[in-house]
Amino acid sequence: MSLWNWMNDNGAGLSALAAIATAAIAVLTLLRASRDSSDRTRPMIVAEMLPAEHDSNTIDFVLRNYGQSLARDVKVAFDPPLYVPDGKASLTTHVDFNR
């Protein structure tokens, strides 16, 4: 029996196996694309302490979202609490940003 005859006799089964393999690869590709998409669009929060623009004795604590989606329920806490040298300044050591 030649290879061509065997392929003609078993072609339907081979086609079915090829279709199943193609479907499995397509499902895996879609799952990976979905995971990659969610990784690229998640919030990316960066905290910075920058000198204030109009006051040389003040430092601004700045939170920026460099991600492509909205950051929700952001909580900021300082542990240990920030030190205030003169003890007179008002200082918040815990901030919640909820929407």
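Nothing here was measured: the structure is a model prediction, and the numbers come from that model.
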Seminar exercise, completed: Residue set satisfying salt bridge (Lys or Arg N to Asp or Glu O under 4.0 Å) with Asp36, at least two apart, ordered chain then number -> Arg40
Can you give each donor-acceptor pair under 3.5 Å made by side-chain atoms of residues 15-35, sequence neighbours left out, with the distance rounded to 0.1 Å?
unit_1	atom_1	unit_2	atom_2	d
Ser15	OG	Gly11	O	3.0
Thr22	OG1	Ala18	O	2.8
Thr29	OG1	Ile25	O	2.8

Exercise. Taking only residues two or more places apart in sequence, or in another chain, which ones meet Glu48 in a side chain to side chain donor-acceptor pair (under 3.5 Å)?
Worked result: Arg64
Exercise. Who pairs with Ile45 by side-chain contact (heavy atoms from CB on, under 4.5 Å), at least two apart in sequence or on another chain?
Worked result: Leu63, Asn65, Ala71
Problem set entry | Qualifying ring-ring contact (aromatic ring centres under 6.0 Å, His included) pairs with a residue from residues 16-64, counting only residues at least two apart or across chains | Phe61-Phe78
Exercise. Can you list the other members of the hydrophobic cluster that holds Val62, where links are side-chain heavy atoms under 4.5 angstrom apart?
Worked result: Leu50
Exercise. In terms of hydrophobic clustering (I, L, V, M, F, W, Y; side-chain heavy atoms under 4.5 Å; direct or indirect links), are Val74 and Val46 co-clustered?
Worked result: no
